[in-house]
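Values in this document were obtained by computation on a predicted structure and should not be read as measured data.
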Amino acid sequence: METTDFLTQLNLSQRQAVQHFCGPMLVVAGAGSGKTRALTYRVAHLIRHHRVHPENILAVTFTNKAAREMKDRIGKLFAQEQAEAKYGKPFLALTAQEQTRLRSQVYKNITRHLWMGTFHNLCARILRFDINKYQDEKKRRWDKNFSIFDESDAQSLIKKIVTKELNLDDKKFDPRSVRYAIGNAKNQGMSPLEYQRAEPDYRGRVIAEVYGIYQDNLAANNALDFDDLIRIPVELFQQNEQILGYWHQHFNHILVDEYQDTNRTQYNLIRFLATNGEDPKYFNNWENRSVFVVGDVDQSIYSFRMADYTILLDFQNDFGDGLPDGDTRTMIKLEENYRSRENILEVANKLIENNTQRIDKILKPTRGLGEEIYCYEAENELEEAEFVCSKIAEITDLNPELDWGSFAILYRTNYQSRPLEEKLIHYDIKYVIIGGLRFYERKEIKDALAYLRVISNPADTVSLLRIFNTPRRGIGKTTIETLLNASSQMGIPLWEILNDQTSINALAGRSSKAVNQFARIIQHWQDEVENLTALEILEGILEDSGYIEDLKKQGTEDADNRMANLGELCSAVAQFQEDNEETTLESFLANASLASDLDNLQEGQQAVSLMTLHSAKGLEFPVVFMVGLEQGLLPHFRSIDDPLSLEEERRLCYVGITRAQEQLFLSYATERRQIWGVRDTTVPSDFLGELPADLVNTNAMKKVVYRSTGQSKKTQNTGVKKAVSHQIKNWQVGDKVMHENFGVGLVTNIFGEGKKISLGIKFGKSQKIIDPKIASMTKLN
DNA sequence: GAGACCGTTATTTTT
DNA sequence: TAACGGTCTC
C-alpha cells in the first residue's frame with residue numbers, strides 16, 4: 001500500500017520529476033522506469049503541496065484505461081492521507097463503511113474534478129461547452145449533442161461520396177486511401193480549401209472535393225470524426241481569443257503522457273493552451289503554470305496515425321532551455337528499470353541500438369538476471385500455437401503461484417490470433433483477446449448505439465438509416481429512397497420528415513404504417529430523454545424496437561451471442577453510471593464512441609491475454625510470448641523497404657520485449673498460411689539476428705510435445721529447412737500457381753532438376769516456360 | 001420487400 | 001478462407 005510520504009519511495013530522478021512545479025519539463029522515461037508513478041505522484045503533489053485545484057490540472061493519457069487507473073491511484077493516495085489525518089490509522093484498518101465513505105469523499109472533492117483522459121476524450125469535453133461558437137470556412141456548424149463517427153462510419157461515408165455522389169472509380173480513389181489523405185490533412189490542420197491549394201493536381205483536387213462533401217455530410221449529421229475532435233478545438237482557439245483565454249486560464253498545469261505519440265494537431269492544442277497562443281520560445285509567463293511531458297522515442301509506434309516523435313525530440317528547443325544533457329534544467333531522464341530481468345533488458349537495449357532516430361538512453365537493470373530467453377522455430381503457425389500452449393501448461397504446473405493472467409501472447413497483426421485461439425481452446429486454457437473485433441464495433445452493439453444516437457441527436461441520419469429497417473419492419477429501398485430524396489431537396493435532415501405524420505403518409509405509400517410506428521417509438525424515447533437514465537432508455541428501446549424479440553425469434557447460437565453482448569452493453573452502461581455518478585444518455589454516448597477494447601482488460605481475470613504489440617504498450621506481464629517473428633510480419637512487409645518505417649517496426653519489437661518481467665519466449669514458423677489460404681515459406685525476422693546470441697537460446701526447444709492435429713506432414717529436409725526452404729519448392733505436374741502477371745496457372749511439364757528446374761505452365765490458353773526462382777509466383781495448394 | 005446465390009476482394013497497427 | 005456486396009428471383 002502506498003503511504004502518504006510518497007517522496008521517500010522514489011529515486012532521485014523520479015523525485016525531481018514529481019517535485020517539478022512551474023515551467024516546462026520533459027521527462028525521458030524508458031520502459032518500466034516508473035513513469036506512471038511519477039505522473040501520478042506529481043499530480044497528487046501539485047494538489048497537496050502546491051494547493052493547485054484539481055479542476056486546473058489537465059492530464060492527457062494515451063488510453064482511457066490509463067486515465068482511469070491514474071485517477072484511481074491518486075484517489076488511493078488521498079484516501080490514505082485522510083484516513084491517517086481523520087482516524088489516526090491506515091486506510092485498510094478502517095471499517096468497510098468508513099472506507100467507502102472516505103473514497104467517495106475523495107472522489108467528490110478531488111479526482112472527479114481532474115481533467116484526465118485521452119486527447120479525444122478531453123477535446124470532446126471542451127467541445128460540449130464551446131462547439132456552438134465554432135463555424136468553419138463554409139459556415140458549417142455543429143451543436144453540443146454531436147455524434148462521434150468511428151473509423152468505419154467515416155470510411156463508409158467516404159465510400160458513399162466517392163461512388164454515389166461523385167461517380168468516381170473506387171479503384172482509382174480507394175475510399176481507404178482517400179480517408180487516409182483526409183485524415184492526414186486534418187492532422188496538419190488543413191481545411192478542404194487549404195488542402196486544394198496545397199495539392200493542386202487532379203488527384204489533390206478530387207480529394208479536396210471529397211473532403212469538402214465529407215465535411216458537409218458530417219455537419220448535416222451533426223457529427224464529428226476522431227480527427228475533428230482535436231482539430232476543431234485548435235481552430236476555435238485560433239479563431240477566438242476569448243475562448244482560448246478562458247481555457248488557458250483554466251488549465252494551469254498540463255501533463256502529457258506518451259508524448260512521443262502525439263501528432264501536430266495535438267501538439268498545437270497543447271501549445272495553445274500552455275502559452276495562450278504565443279511562441280513557446282518567447283513565452284515567459286510560467287508563474288503558477290507548467291507543461292510536463294513524459295515519453296520515450298524508442299516506444300513511438302503510431303506514425304500511421306500521424307504521430308511524430310520529432311515533436312518530443314524538439315521539446316528541448318521548443319519549450320525547454322535547449323541546454324546539453326548535463327546542464328539542462330528542463331529535462332530529466334528515468335533510466336532505472338524496475339520491471340524486467342537483466343537479460344531481457346540487455347536484449348532490448350541491443351536491439352534498439354540499431355535505430356538511428358533516438359535520444360541516447362539505456363535501460364539500467366535493478367532486478368538481477370532472470371530465466372533464459374528462448375527462441376522457438378515452429379513448422380507452421382499451428383505448431384507455433386501448440387508450443388505456446390504447452391509452455392503455458394508446463395510453466396503453470398511448475399509454478400503454482402502463477403495463474404493464466406500472468407501470461408501474454410503478443411503478435412503483429414490481429415488475424416494471427418486465430419490459430420492461437422484454436423489451440424488455447426484445445427488445451428482448455430482461458431484467454432481474452434484485446435482488440436480484434438472490438439466490442440463497440442460489433443453489429444448488434446453498433447445497432448443499439450445507433451438507436452441511442454438517433455434519440456440524442458436526431459440529425460444523425462447515418463445512424464437513423466442503420467436502424468430504420470433493423471430489425472426488419474417492412475421498410476424497403478424504394479421507401480427509403482423517396483424519403484431521402486425529399487429530405488435532400490428540402491435541405492432538412494431525414495428525421496424532420498419522419499417527425500411529421502402527414503409527410504410520412506404522403507411519401508411512404510404502402511409502408512407508411514411501418515414508418516409511422518417506427519417514428520412514434522423514437523419520439524417516445526426522445527421525450528423521455530431528460531427524465532430517464534441512459535440504462536432505462538437503452539433497455540426500453542431494445543424492447544420497444546423489437547430488436548430483442550427479433551433475436552429471440554431467430555434462436556440461433558449467433559443470435560444468443562448477440563443477445564449476451566447486448567446484455568454486456570447494459571452492464572457497461574450501468575457501470576458507467578456508477579463510476580461517473582452521471583446518468584444522462586448524452587454523457588454515456590460521449591464516452592461510448594471513444595471507448596476502446598483495452599478498457600475491458602481487467603487485472604486478476606485469470607486469463608491469458610492475446611493482443612497486438614500496439615495494444616500491449618504500457619502493459620506488463622510476468623511471462624510474454626512474442627509470436628510470428630518473421631520477415632514480412634515483424635517487420636511487416638509494408639514497412640520493409642523504408643528505413644524509417646523499419647525503425648518503427650524495430651521499436652514495436654522493442655515494446656514487445658520490454659513487456660516481459662520474468663521470462664520471454666520468441667517464436668517463428670518456417671511455413672505460414674498467408675493470404676487467401678495460401679501457404680508460403682518464411683524467413684526468420686532480421687530482428688532476431690540483432691539480439692545477442694549468448695542470451696537467446698535457439699536450441700533445446702524442439703522437444704515440446706506435439707499433439708498431432710490429424711494430417712501427418714512429412715518434410716524431408718527438416719534440418720536444413722531454415723536456410724533454403726524459401727527458395728526450393730518440390731514441384732509436381734498438376735501443381736497450381738499464382739503468377740503476378742499471368743494469373744492462375746497449371747504446371748504441365750517439369751524441365752531439369754534441383755536448382756536448375758524450369759516449369760511448363762498453362763495460363764488459360766497460353767503456355768509458358770518459367771524459372772520458379774526468378775518469377776514472382778506462388779504455389780497454390 | 002426479402003432472401004438466396006454468386007463473385008469479388010481483402011490483412012498492419014488504433015483513439 | 002471468409003466476409004461482404006451486388007444481382008436475381010419469388
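A:Thr479 and A:Ser511 are linked by a side-chain donor-acceptor pair at a separation below 3.5 angstrom, with hydrogens and angles left out of the test. Using a 3.5 Å distance cut-off with no hydrogens or angles, the side chains of A:Asn145 and A:Asp460 do not pair a donor with an acceptor.
Between A:Ile131 atom CD1 and A:Leu229 atom CG the span is 8.0 Å, to the nearest 0.5 Å.
Under 4.0 Å is where a charged nitrogen must lie from a carboxylate oxygen, and between A:Lys186 and A:Asp225 at least one such pair does.
What separates CZ of A:Arg412 from C1' of B:dT13 is a distance of 5 Å, to the nearest Å. In this structure, the CG atom of A:Asp228 is 18 Å from the P atom of B:dT15, given to the nearest Å. Distance, A:Glu649 CD to B:dT12 C1': 8 Å, rounded to whole Å. In this entry the distance linking CD of A:Glu441 with P of B:dT15 reads 9 Å, nearest Å. Spacing between atom CZ of A:Arg418 and atom C1' of C:dA2 amounts to 7 Å, rounded to whole angstrom units. With rounding to whole Å, A:Leu229 atom CG is found 9 Å from B:dT15 atom C1'. In this entry the distance linking CZ of A:Phe304 with P of B:dT13 reads 8 Å, nearest Å. To the nearest angstrom, C1' of B:dT13 lies 16 Å from CD1 of A:Ile433.
Across all strands shown, A:Arg651 has no heavy atoms under 4.0 Å from either base or sugar-phosphate atoms. A:Glu151 comes within 4.0 angstrom of a base, heavy atoms only.
Checking C:dG5, B:dT13, B:dT15 against every side-chain atom of A:Thr118, the shortest atom distance belongs to B:dT15. Minimum atom distance to the side chain of A:Phe226 is reached by B:dT15, of the listed B:dT15, B:dT14, B:dT12.
Side chain of A:Asn221 to backbone of A:Ala223: no donor-acceptor contact under 3.5 angstrom is found. Distance alone, capped at 3.5 Å, places no donor-acceptor pair between the A:Arg264 side chain and the A:Gln188 backbone.
Judged by distance alone with a 3.5 Å cut-off, no donor-acceptor contact links the side chain of A:Arg638 to the base of B:dT12.
Judged by centroid separation below 5.5 Å and plane tilt below 30°, A:His120 does not stack onto the base of B:dT15.
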> Could you run down nucleotides 1-9 of chain B 5' to 3' and tag each one B, S or - for protein heavy-atom contact under 4.0 Å?
Replying inline: SSS-----S
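Each of A:Leu613, A:Leu634, A:Leu420 was checked for a side-chain contact (heavy atoms from CB on, under 4.5 Å) with A:Tyr411, and the lone residue meeting it is A:Leu420.
OP1 or OP2 of B:dT13 has at least one side-chain nitrogen or oxygen of A:Asn414 nearer than 4.0 Å. Distances shown here put every side-chain N or O of A:Arg231 at or beyond 4.0 Å from the OP1 or OP2 atom of B:dT15.
Residues A:Phe119 and A:Ser639 each lie close to DNA chain B; by heavy-atom proximity, the contact nearer the 5' end of the strand is made by A:Ser639.
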